[in-house]
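The structure appears right after this line, and notes come after that.
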Amino acid sequence: MATLSFKPGSRFTVTDWHTNSALISTNAERQRISSHQIRQEARALRNETSNQTKWDEQNNSTRLDERIDDVEKWRQVLGKCLSEVDAEINALTQIKDEAEQALQAKNVPLDVAIECLTHRESRREIDLVKDPVEDELHKEVEVIEGVRRALQQKISEAFEQLCLLQEARHQLNFDQRNKTETVEIDQTCLSLTRNSPNISLKVDPARVLNGTTTPQEWVQFSRYSKERAEAEVRASGRLRESIALTIAQTNNECEAQRVAVEFSFRKRIHEFERALAELNWQEKNTKEEIEEMEGDIRHLDEDLRAKKGSLKLAHTRLETRLHRPSVELCRDQVQYGLTDEVCQIEGTIAALKEKLAQSQNALDALYKQLARIEVDTKWKQNSLSLDNKCLDTRRKLTLPPEKYVATSDMLNRTTNRNLSSLKSQQLEMA
């Protein structure tokens, strides 16, 4: 007998079947509605994002272009400032070189002044005096040393200012190079499009790197570089004016002192010439007086010898009359006259001897005075020669080196400029 077979499992009812069909239809409808809504939203989002992206891209391109303009303007400002700094460095270097040349030029006047002091150390005896010439020479040494110190100070200030200008220039150059590189980078970014072949996705491109600055800090940095450079340029300009004024003032001081020294030299030389003329006149008169005195001494000696003959005659007469006989030996007028004659001749001889001795003493004094005049004349001639040598040496200060030729024998110049202990002490005291 045949049997029915049943599929194992649960059995659903017709109601379940209808319910399931309705549920499928309802879910399908709901999913289509949801999908339609999503499609509509997606289309709206596509339209919105496409426009926003294009707008953002345009805005950022505009921002890039404006940023390039800003950076380019600052780059040009820094470039102009850099040119001004370079020009100021050249100008300051030139005035510094002029100051160094002026400082080096003061070596010759200093050497000449010390050489003159050394020459005048050869004066002797009474001529070795501290006269106005020596005072002016010491003052000239002081003036030149002061001038050298002033010029050296300005040269040091110029060197320091050049260092500050170089630092400002380095900062400007560094900032300008960075801005040039930034302009190139931003121009490259501006030239990129969505169709450029070298674009790609990057890993975290929006990250903030260390050292990133704000726009305010960026402007402040560039402004600081510019203002610092401008301040250094202004300071350098003032320093150049000060250096030029110092050079002019020091040249005027040295020139004024040179004129004063040479005036004192000429005045002193004139005094020596007058003193020599006076000595020559005194020597001439003294020699004439010696000749007169020697003649008078000869005459006195002759008169003395003549008076001795007269005295012998009177003595002989008196002695001979003493041999008169007896009453004839009387003191008559002849006896009195011979006696008076003897007394008178003896007095005359004594007076002549005294006058002869006085004349001889006067002659000795005249010879001593003549010797003193001759010695003093030699000293004056030596001093006059030394001052003339000094004045000739000082021609170096007004003539070019190639045109200077010494007109008198010059002492060898010592490169170490050693003075005597007296002059060294005087210079130290000064």
* Compute whether any side-chain donor of one residue and acceptor of the other, for Gln171 and Ser225, lie under 3.5 angstrom apart. => yes
* Indicate whether any N or O donor in one side chain lies under 3.5 Å from an N or O acceptor in the other, for Ser236 and Glu88. => yes
* To do: Indicate yes or no: does Glu181 engage Arg177 in a salt bridge with an N to O separation below 4.0 Å.
  => no
* Asked: Is it true that the side chains of Lys355 and Gln358 contain a donor and an acceptor less than 3.5 Å apart?
  -> yes
* **Salt-bridge contact Arg123-Glu134 (side-chain N to carboxylate O under 4.0 Å)** => yes
* Decide, yes or no, whether a salt bridge links Arg395 with Asp392 under the criterion of side-chain N to carboxylate O below 4.0 Å. => yes
* Test: Arg274 and Glu278 ion pair at under 4.0 Å -> no
* Hey, are Lys96 and Glu100 close enough for a salt bridge, meaning a charged N less than 4.0 Å from a carboxylate O? -> yes
* Does the distance from a Lys or Arg side-chain N to an Asp or Glu carboxylate O, for Arg268 and Glu271, drop under 4.0 Å? -> yes
* Asked: With distance as the sole criterion, is a donor-acceptor pair present between the side chains of Lys179 and Ser222 under 3.5 Å?
  -> yes
* Asked: Is the shortest side-chain N to carboxylate O distance from Glu72 to Arg75 below 4.0 Å?
  -> yes
* Indicate whether any N or O donor in one side chain lies under 3.5 Å from an N or O acceptor in the other, for Asn280 and Lys380. => no
* Asked: Do we see a donor-acceptor contact under 3.5 Å between the side chains of Glu157 and Gln153?
  -> yes
* Considering only NZ, NE, NH1 and NH2 on the basic side and carboxylate oxygens on the acidic side, decide whether Glu230 and Lys226 come within less than 4.0 Å. => yes
